Amino acid sequence: MSENRIYKPKQISGFPEWLPEYRAVELQWMDKIRSTFERYGFCSIETPSVEEVDALLAKGGETEKEIYTLSRLQEDAHDKDSRLALHFDLTVPMARYVAQHFNDLVFPFKRYQIQKSWRGERPQKGRFREFYQCDIDVVNVDGLPLHFDAELPAVMFEAYQALDIPPVEMHISNRKIIVGYLQGLGLDADKIVLVTRLMDKVDKIGKEKVEEEVGGIVNPIAIALNDLSLAKKICAIPEIKTSDGSFADKVRTLGVANDLLDEGLKELSFVMDNLKHLPQGSVIADLGIIRGLDYYTGTVIEVRFKENIGARGPLSIGGGGRYDNLAGSFISQKLPGIGVSIGLTRLFAMLLDEGYIKPAAKCPTQVLVVLPAEERRAEAAAAAHALRLRGMNVELYHSATKVKKQLSYAEKKGIPYVWFPPFEDGQPHEVKNMVTGEQVKADPSVWKI
RNA sequence: GCGGCUGUAGCUCAGCGGUAGAGCGCCUGGUUGUGGUCCAGGAUGUCGUGGGUUCGAUCCCCAUCAGUCGCCCCA
């Protein structure tokens with residue numbers, strides 16, 4: 001008997017799965033997001049779950065350790081699969097796709113993609129190893145009008161609004177501002193990377209700590225003398241958050257002159273200007289937004305809840321930005337683009353955890369047809385069929401057990417109507433409303449919900 | 001890759017050096033064709049895994065695996 005021992009089922013950390021009543025909600029969300037994207041003319045593509053490792057790493061960076069590569073259990077010496085890996089986002093596959101089908105696409109190419117991505121990181125709150133992303137990107141040849149930098153956040157905002165979730169706000173900045181500013185202060189490229197990485201952490205570890213660490217990078221000697229003036233000047237930038245165009249004046253007051261900085265300010269002002277139609281307070285010029293991704297070159301966007309959800313800090317539930325030449329590793333054409341992405345799984349999981357998500361019914365069934373007796377199965381099935389012909393989702397109970405049991409099944413699954421075919425010849429059909437308890441005679445060929 | 005915490009019925013968890021309990025859920029019944037409430041009854045666990053200490057361990061120790069929170073990093 002001991003060989004009957006079962007493998008204890010367990011959920012794999014970082015690979016979420018939901019019960020049917022929540023999966024149904026997730027599907028509804030996807031539908032809403034999708035139809036919003038389509039309303040703006042984005043077309044759908046789907047790319048394979050895997051890409052060649054070289055393609056994924058074409059943009060460099062420290063992404064390597066987060067990529068799941070493919071290998072077979074029975075790996076042989078020349079395992080061809082090992083050159084493949086699961087994609088870690090949808091932007092890189094999209095870049096490859098655009099380069100590959102360059103001749104067959106119409107530019108500016110506007111596509112959306114709702115697919116899973118995988119990252120081999122240590123899972124923790126709000127971070128998964130398998131998750132859905134809902135991306136929209138616009139890619140063009142040579143140049144891409146700045147208007148798209150405003151349009152995409154607007155589309156994304158509309159998609160969030162289509163969901164039944166707490167209000168979100170879009171934090172927008174422009175890489176050129178922070179980079180230009182730091183260049184203007186004389187920092188070299190390496191230090192700029194280190195410093196910008198720290199600026200992201202003001203919310204997390206506090207302003208003082210960030211200033212100290214920034215100081216340690218830009219001028220260790222001054223730190224020894226307890227002189228934080230340069231660090232403070234640097235850290236003044238991420239402090240700037242305005243819901244209108246006034247951020248530009250605040251930056252200029254700091255007195256740093258740099259061409260790239262000016263360009264960034266102009267671009268961000270333009271974007272803010274073109275997002276004025278969104279609800280007051282939902283768009284913030286937030287110069288603390290950096291985003292880790294090195295391929296962003298201009299506009300950067302991050303979406304957060306207006307109010308923190310649960311005990312968590314301001315986790316990003318979406319984001320994106322502009323990249324000048326993402327496909328450059330795949331094709332000699334210059335293909336600038338801008339893309340934004342909704343972190344569907346993180347968003348959904350957060351709200352689920354905190355009880356914000358109302359479960360849908362456990363199944364799509366609208367009418368359960370009772371099976372009164374095995375001899376009446378044909379008649380019951382005919383009734384079910386008649387209802388389905390008019391578009392209803394109908395289930396015929398599988399066995400002729402007690403009616404009590406059949407009703408309780410409908411109750412537990414949240415099926416709103418129960419259909420009673422005749423129990424004896426000559427009797428009428430009846431339908432019962434499970435919410436009100438009301439039961440009336442009905443004709444399966446005409447009855448409607 | 002590093003650190004803290006946790007691991008007992010399907011779920012949430014209690015418990016104790018002498019091989020285990022609650023709540024919820026589940027199943028059955030409260031007759032004859034009708035759910036949600038109520039009542040009665042019932043089933044379920046190699047107490048994560050391996051080793052050690054002990055007369056004896058679910059409880060102590062070690063290891064291991066898994067989960068979780070955080071660090072690093074984040075596309």
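Lettering follows sequence order; numbering is per chain, from 1. Bear in mind that the values here come from a model prediction, so they are computed numbers and not experimental data. Only heavy atoms go into these numbers, but all of them, side chains included; no hydrogens, no water, no symmetry mates.
Taking only side-chain atoms of A/K402, from C-beta outward, the nucleotide of B/rG35, B/rG70, B/rG29 with the closest atom is B/rG29. Of the listed nucleotides (B/rG33, B/rU68, B/rG35), B/rG35 has the atom at the smallest distance from the side chain of A/M434. Considering only the side chain of A/K404, B/rG35 comes nearest among B/rG35, B/rU68, B/rG33. For A/E411, the side-chain atoms get nearest to B/rG36 when compared with the rest of B/rG36, B/rU34, B/rG67.
A/Q406 places a side-chain heavy atom less than 4.5 Å from the side chain of A/L371.
Per the geometry, NZ belonging to A/K441 stands 16 Å off C1' belonging to B/rG33, to the nearest Å. A/R129 places its CZ atom 7 Å from the P atom of B/rG67, with the value rounded to the nearest Å. Distance, A/K405 NZ to B/rG36 C1': 17 Å, rounded to whole Å. What separates CD of A/E302 from C1' of B/rC74 is a distance of 11 Å, to the nearest Å.
Closest heavy-atom contact between A/P20 and A/K362: CB-O, 3.5 Å. Pairing each heavy atom of A/L387 with each of A/P444, the nearest pair is CD2-O, 3.7 Å. Closest non-hydrogen pair, A/I415 versus A/L368, comes out as CG2-N, 3.6 Å.
Across B/rG48 and B/rU54, the matching P atoms stand 23 Å from one another, rounded to whole Å. Nucleotides B/rU8 and B/rC47 place their P atoms 11 Å apart, quoted to the nearest Å. Comparing the same atom, P, in B/rC2 and in B/rA63 gives a spacing of 15 Å after rounding to whole Å. Nucleotides B/rG25 and B/rG67 are separated by 30 Å at their P atoms, to the nearest Å. The same atom, P, is picked in B/rG17 and in B/rG23; the two are 24 Å apart, to the nearest Å. The gap from the C1' atom of B/rU58 to that of B/rU6 amounts to 15 Å, rounded to the nearest Å. Comparing B/rG45 with B/rG4, their P atoms are spaced 36 Å from each other, to the whole Å. Between B/rU44 and B/rG50, the distance separating the two P atoms is 23 Å to the nearest Å.
Of the residues in residues 412-426 of chain A, those with a non-hydrogen atom less than 4.0 angstrom from any atom of RNA chain B are A/K412, A/F420, A/F423. Sorted by residue number, the list of members of residues 368-377 of chain A with any non-hydrogen atom under 4.0 Å from RNA chain B is empty.
Screening A/Q113, A/R111, A/K110 for a side-chain hydrogen bond (donor to acceptor under 3.5 Å, both in side chains) involving A/D137 leaves a single residue, A/R111.
Taking for each of A/Y409 and A/R346 the nucleotide of RNA chain B with the nearest heavy atom, the 5'-most of the two is the partner of A/Y409.
Under 3.5 Å, the side chains of A/Y40 and A/E158 contain a donor-acceptor pair of N or O atoms.
Checked by distance alone, A/R127 brings a side-chain donor or acceptor within 3.5 Å of a matching partner on the base of B/rC74. A donor and an acceptor atom never sit less than 3.5 Å apart when one is taken from the side chain of A/Q124 and the other from the base of B/rU68. With hydrogens and angles left out, the side chain of A/E430 and the base of B/rG33 share no donor-acceptor pair within 3.5 Å.
RNA chain B forms stems at B:1-7 with B:65-71, B:10-13 with B:21-24, B:26-30 with B:38-42, B:48-52 with B:60-64, each a run of 3 or more consecutive Watson-Crick or G-U wobble pairs whose two key distances fall under 3.5 Å.
Contact annotation for A/K432: base contact, defined as any heavy-atom pair under 4.0 Å involving a base atom. Counting non-hydrogen atoms under 4.0 angstrom, A/G319 reaches nothing in the nucleic acid.
Contact annotation: A/S408 does not reach the phosphate of B/rU34 (side-chain N/O to OP1 or OP2, under 4.0 Å).
Taking a cutoff of 4.0 Å between a charged side-chain nitrogen and a carboxylate oxygen, A/E302 and A/R304 qualify as a salt bridge. Salt bridge annotation for A/D142-A/K334: absent, with no cationic side-chain nitrogen under 4.0 angstrom from a carboxylate oxygen. In summary, A/E267 and A/R322 do not engage in a salt bridge, as defined by a charged side-chain N under 4.0 Å from a carboxylate O.
Aromatic pair A/W447/A/Y417: ring centres closer than 6.0 Å.
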